[in-house]
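Source: prediction; values computed, not measured.
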Amino acid sequence: MAKLALKLRDQKRRKTVEKFKVRRAALLEIIYDSRASDEAKEEARGKLQKLPRDASPVRLRNRCALTGRPRGVYRKFGLGRNKLRDLALKGEVPGIIKASW
């Protein structure tokens, strides 16, 4: 099980990404616009660098919803491989059954 601090840090990052999502998109649009002047692009780059580091969506990490495990997480279910297996064996995840042949 992941430490509580790591789970809370991830939640905080997700809030920060959501908060700055529109502002980042606007600045990136200016930067990648071929018709924008060099001065406008340079100003947009400076503003983008001034944003908090955690405002970048690249810094997010998929974690298991139950345990907070960072590796082996299935996106479709939001669960780690261990918990997904446990719940599937109990029959609590609809549509998943243990393979046998």
- d(Lys15 NZ, Asp54 CG) to nearest 0.5 Å is 13.0 Å
- Rounded to the nearest 0.5 angstrom, the CZ-CD1 distance for Arg85 and Ile96 is 12.5 Å
- For Glu39, the side-chain contact (heavy atoms from CB on, under 4.5 Å) test, sequence neighbours excluded, returns Ser37
- Query: Are more than 12 heavy atoms from other residues, nucleotides or ligands located less than 6.0 Å from atom NZ of Lys41?
  - Reply: yes
- Interatomic distance, CG@Leu79 vs CG@Leu87, rounded to 0.5 Å, equals 6.0 Å
- Item | For Arg14, the option from Val17, Asp10, Thr16 that meets side-chain contact (heavy atoms from CB on, under 4.5 Å) | Asp10
- Query: In this structure, are over 12 heavy atoms from other groups packed under 6.0 Å from Arg59 atom CZ?
  - Reply: yes
- Honestly curious: do Phe20 and Tyr32 fall in one hydrophobic cluster under the side-chain, below-4.5 Å linking rule? yes
- To the nearest 0.5 Å, atom CG of Leu89 lies from atom CD1 of Ile97 at 11.5 Å
- Under the side-chain contact (heavy atoms from CB on, under 4.5 Å) test, residues paired with Tyr74 that sit two or more places apart: Phe77, Arg81, Leu84
- Item | Minimum heavy-atom distance between Ala40 and Ile30, given as atom pair plus value | O-CG2, 3.9 Å
- Does atom CZ of Arg23 have more than 12 heavy-atom neighbours from other groups under 6.0 Å away? no
- Would you mind reporting whether Arg13 and Arg9 have side-chain heavy atoms less than 4.5 Å apart? yes
Sequence neighbours left out, cut at 3.5 Å: what donor-acceptor pairs do the side chains of residues 63-71 make with other protein atoms?
unit_1: Arg63; atom_1: NH1; unit_2: Gly68; atom_2: O; d: 2.6
unit_1: Thr67; atom_1: OG1; unit_2: Arg69; atom_2: N; d: 3.3
unit_1: Arg69; atom_1: NE; unit_2: Arg71; atom_2: O; d: 2.9

- Message: In this structure, would Leu60 and Val73 fall into the same cluster of hydrophobic residues linked by side-chain contacts under 4.5 Å?
- Response: no
- Hey, mind stepping through Arg45 and Glu42 against salt bridge (charged side-chain N to carboxylate O under 4.0 Å, His left out) and telling me if it holds? CA-CA 5 Å; Arg45 279 191 205 100; Glu42 193 65 36; 3.3 Å; yes
- Task: Taking the side chain as every heavy atom from C-beta outward, state whether Lys21 and Pro57 have any pair of such atoms under 4.5 Å apart.
- Result: no
- Does Asn62 reach the side chain of Arg75, with side-chain heavy atoms less than 4.5 Å apart? yes
